[in-house]
Amino acid sequence: MPAGGTFVIEQQPEGNLMLTWPEADRADYYCVEVLVPAQTEDEEPELVYRDYIEDATSCLLPELPPGITLTLRVRSVVDYKSLGGEQIRFTPGSRSVTVNGNRVAASGE
């Protein structure tokens, strides 16, 4: 993802969140994830939602669970071929923001 780009979250009239991110220099598509952050260093974040978005730099998220702090993350993905067959690579860097339910609590990266 490009450094310094704007990550926008807009609450829609029906209550869902519209997520918009900057176009990456190189991306075949984007991976949008919603995670419950790890509570300790030994834990992994819990994946709540994942979608792959092609030909767009925005998506409408499903209703998020209320009262839980979540991290929304967008990563660009590149398809490539290697001797082992077709592969995908998440490009370095991502955009993320922390929300509580469908309300933005604080912005991240």
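For reference, positions follow the sequence shown, starting with 1. What you see below is based on every heavy atom in this structure, not just the backbone, and it leaves out hydrogens, waters and symmetry mates.
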Walk me through whether Trp21 and Val32 qualify under side-chain contact (heavy atoms from CB on, under 4.5 Å).
CA-CA 10 Å; Trp21 57 88; Val32 176; 3.7 Å; yes
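- Taking a 4.5 Å side-chain heavy-atom cut-off between Ile, Leu, Val, Met, Phe, Trp and Tyr, the cluster of Met18 extends to Leu60.
- When hydrophobic clusters are built by joining Ile, Leu, Val, Met, Phe, Trp and Tyr residues whose side-chain heavy atoms come closer than 4.5 Å, directly or via intermediates, Leu19 is grouped together with Tyr49.
- Among all heavy-atom pairs drawn from Asp79 and Asp28, the shortest one is N-OD2, 2.6 Å.
- The two atoms that bring Leu70 and Pro37 nearest to each other are CA-CD, 4.1 Å, heavy atoms only.
- Residue pairs meeting the salt bridge (charged side-chain N to carboxylate O under 4.0 Å, His left out) criterion with at least one partner in residues 37-46, sequence neighbours excluded, are absent.
- In this structure the side chain of Leu17 never reaches within 4.5 angstrom of the side chain of Gln12, judged on heavy atoms.
- In terms of heavy-atom proximity, Leu61 sits nearest to Asn16 at O-ND2, 3.1 Å.
- Counting only residues at least two apart or in different chains, salt bridge (charged side-chain N to carboxylate O under 4.0 Å, His left out) contacts with residues 47-61 comprise Glu33-Arg50.
- Residues Leu64 and Leu35 do not share a hydrophobic cluster, clusters being chains of Ile/Leu/Val/Met/Phe/Trp/Tyr side chains in contact below 4.5 Å.
- Taking each heavy atom of Tyr29 and Ile53 in turn, the nearest pair found is CB-O, 3.2 Å.
- The shortest heavy-atom contact between Glu23 and Thr57 is CA-CG2, 3.9 Å.
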